[in-house]
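Working notes, beginning with the structure itself.
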Amino acid sequence: MLDGILLEKAGVPAVSIVTTPFVPTGRAMASDWGVPEYRFLDIPHPIANLTDAELDARADAVLERVIELLKTGQTQGADGAKRAVPVPA
C-alpha cells in the first residue's frame, strides 16, 4: 500500500491492492500519509493458500478495476473533483 502511495506522490501511476480485511488499515495508512482520498482496490481474503490457478483467477477478476484506476488516476477525488496527489516537501 505504501509503495503505491509513494509512487503516486513521485508521479508514477500505481495501483495498490489489499485483501478485504485490510481495507480499514489501507484507509488509515492513506490518511496518515496525507492522502485520505487515495483510491485502492480490494480482493477477497485470504490469498496465501491459493493455488497458482486460483490466484490467476483473482488477478483476472480485478484486472478491469486496475485498468480503470490507472486510466482515471489518483487525481480524482471521491466527489469527482480533480486533485493532485500531494508531493512530499
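Between L41 and L69 there is a side-chain heavy-atom pair separated by less than 4.5 Å. In this structure the side chain of L50 reaches within 4.5 angstrom of the side chain of I47, judged on heavy atoms.
For R39 and S16, the side-chain atoms include no donor-acceptor pair closer than 3.5 Å. Looking only at atom types and distance, the side chain of S31 has no donor-acceptor partner in the side chain of Y38 under 3.5 Å away.
Every pair passing ring-ring contact (aromatic ring centres under 6.0 Å, His included) that includes a residue from residues 4-29 is listed here, sequence neighbours excluded: F22-H45.
Between the side chain of T20 and the backbone N or O of D42, no donor-acceptor pair lies under 3.5 Å. At least one donor-acceptor pair closer than 3.5 Å links the side chain of E54 to the backbone N or O of T51. With K9 contributing its side chain and V35 its backbone, the two residues share no donor-acceptor pair below 3.5 Å.
Pairing each heavy atom of P44 with each of T19, the nearest pair is O-CG2, 3.7 Å.
Between D32 and R27 no salt bridge is recorded (no basic side-chain N to carboxylate O distance below 4.0 Å).
Taking hydrophobic clusters as Ile, Leu, Val, Met, Phe, Trp and Tyr residues chained together by side-chain heavy-atom distances below 4.5 Å, L55 does not share a cluster with V18. L70 and L6 are not part of a single hydrophobic cluster, where members link through side-chain heavy atoms under 4.5 Å apart.
Counting non-hydrogen atoms of other residues, nucleotides and ligands closer than 6.0 Å to CG of D60 gives a total above 12.
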Could you go step by step and tell me if I43 and I17 meet the side-chain contact (heavy atoms from CB on, under 4.5 Å) rule?
CA-CA 7 Å; I43 60 173; I17 303 172; 3.9 Å; yes

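For the pairing with F40, the side chain to side chain contact (heavy atoms under 4.5 Å, CB included) check across Q74, M29, M1 returns one residue only, M1.
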